[in-house]
Amino acid sequence: MKLLEKLHLKKPATPPVQSAVPQHEEDETLVARAQRGDAGAYDVLVERYKQRLYATVYHMTSNHEDANDLVQETFIKAYRSLNSFRGNSSFYTWIYRIAVNRTINHLKRRRNRNTYSLDDVDSGIQTDPDFVELMSHVTPRREVGLNELHQRLNEALQKLSENHRAVVVMHDIQGMTHADIAKATNTSEGTVRSRLFYARQQLQGLLSDYV
Amino acid sequence: MKLVTEMKCDEIQFLLDDLARDRLAEPVAKQVRLHLADCTDCRVVHQRGMRLQRLLALKRHEQPVPQYFDGFLNEFHRRLAAADAQPSFWQKFLRTPDMPLVGSWRMGLAGACGVALTMGLLWMGLRSSNDALTASGDPHIGSLVVYAEPPPAPAPLFTLPVETGIASTAPSIDTLAGGLRLASTGAARPEPSQPRYVLDRIPITPASYEVRADF
Ligand SMILES: [Zn+2]
């Protein structure tokens, strides 16, 4: 299947994750300054990436408190390991990987102890075409509340294994490519595709009311 | 290059993600779409997959208010300072608390551990010198127990060759993808009917969060 990927896939026009960072060189400069002991430079990196790391970790844990702790721990761990960062990858790739690894380990420790945060759905969802279509499709059969929908989504995600959940979050929620997910999780693209396939099969069973 | 028209349904389904995200080269995308038009099974899989992805994507709206992150940096500094100020295990153990009695108890325990360690090392040294004397031929010197015959060594449950490797009495040599190798160990094995395996190379990957390429 790897051959298929090589033959059939066109190259992505823009790197999907890194593209959101406008000045890649600035990261390198900031990292170099932070490595020389400039704490202010590291602060800029924290401010730059806190929300993006938070989003991934939150969707993996479905819990704001855990997400906050894990992202804080990630930045502390990265700060302390900064001298070992040699710039073979971008700073964001490096710290993203730390965050994902920490979160997966956290989820493995926290198995069967799931608590969800369900009170933070932004108002934009009401006008999201996918949400509108879903509601029109589902509500004739039964009443579906917004919170119920999110609870069902979170419960279904929490039933996946940690590795399957990570792949679904990165691909289906955050829109990362298989290649980027493979780098972030230190696996092959084939493994990412396979995990996605099985995770979706499980999710389709768990969310059969909606799909 | 395998033509899309020659692909089986599972191979087509493998490409559906890329089709949905416009990541296929146009001629291939066209072929996949033609297959979907003809094949009910693949079309159902595609439609259900798309519905699931749209449903999951709604989770994007589940996020805290922007003000949630206002104090994040201050909290980072507070946690970093707290972590830096945290004493190590031995510092914690030997730290004298307010109660002097407890403090002296801890110091006493640490001292006792030190003495026990020293005694243990001395005993080990004495024992090894006794073994040396026994081996030298005089059983009365330095040993209280003298065996008429040396006690039989317990039969090993299994033996491991010195070299690390997966070795089997099976005659063939197979190379496995994970860096494990099945190799014949020759006719000297006691029970050729029961192959025995020994771990071969374990690829040791340095623990690093870095990857070679950027996202
Ligand atoms: Zn088909």
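Residue numbering restarts at 1 for every chain, and letters A, B, ... go by the order of the sequence lines.
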Requested in this report: Output, in order, the C-alpha distance, side-chain angles, deciding distance and verdict of side chain to side chain contact (heavy atoms under 4.5 Å, CB included) for A/T177 and B/R21.
Outcome: CA-CA 9 Å; A/T177 63; B/R21 283 158 203 262; over 6 Å; no
Requested in this report: Could you please spell out the steps behind the side chain to side chain contact (heavy atoms under 4.5 Å, CB included) verdict for B/L56 and A/H171?
Outcome: CA-CA 10 Å; B/L56 289 169; A/H171 189 271; over 6 Å; no
Query raised in the report: Could you go step by step and tell me if A/R200 and B/D17 meet the side chain to side chain contact (heavy atoms under 4.5 Å, CB included) rule?
Result: CA-CA 12 Å; A/R200 284 191 188 141; B/D17 258 352; 2.9 Å; yes
**Report entry** A/L203/B/Q53 under side chain to side chain contact (heavy atoms under 4.5 Å, CB included): CA gap, chis, key distance, verdict
**Finding:** CA-CA 10 Å; A/L203 285 173; B/Q53 285 187 53; over 6 Å; no
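To the nearest 0.5 Å, atom CG of residue B/L80 and atom CD of residue A/E73 are 12.5 Å apart. Between the CG atom of A/N68 and the CZ atom of B/F69 there is a distance of 8.0 Å, given to the nearest 0.5 Å. To the nearest 0.5 Å, the span separating CD on B/E62 from CG on A/L153 amounts to 7.5 Å.
Closest of all the heavy-atom pairs between B/R51 and A/V211 is NH2-O, 3.3 Å. The two atoms that bring A/H64 and B/P64 nearest to each other are CE1-CD, 3.7 Å, heavy atoms only.
In this structure, chain B has a heavy atom under 4.5 Å from the side chain of A/L157, while its backbone stays farther away. For a residue to count as touching a neighbouring chain, one of its non-hydrogen atoms must lie under 4.5 Å from one of that chain's; by this rule A/V168 touches chain B with the side chain only. Contacts of A/E47 with chain B are made by side-chain atoms alone, with heavy-atom separations under 4.5 Å and no backbone atom involved.
Using modelled atom types, one side-chain atom of A/R193 and one backbone atom of B/F14 make a donor-acceptor pair closer than 3.5 Å. Not one N or O on the side chain of A/Q174 forms a donor-acceptor pair closer than 3.5 Å with the backbone of B/R60. The backbone N or O of B/R48 sits less than 3.5 Å from a side-chain atom of A/Q204, completing a donor-acceptor pair. No donor-acceptor pair under 3.5 Å is formed between the side chain of B/K59 and the backbone N or O of A/H59.
Listed options A/D172, A/L207, A/V169 were ranked by heavy-atom pairs under 4.5 angstrom with chain B; first place goes to A/D172. Of the listed residues B/Q47, B/Q13, B/H77, the one with more heavy-atom pairs under 4.5 angstrom with chain A than any other is B/H77.
Salt bridge annotation for B/D70-A/K50: absent, with no cationic side-chain nitrogen under 4.0 angstrom from a carboxylate oxygen.
Ring centroids of B/Y68 and A/Y54 are separated by less than 6.0 Å, placing the two rings close together.
A/Y198 meets the side-chain contact (heavy atoms from CB on, under 4.5 Å) test with A/H164, A/S194, A/Q201; sequence neighbours excluded.
Note: B/F76 and A/F75 have perpendicular aromatic rings, judged against thresholds of 30 and 60 degrees for the angle between ring planes.
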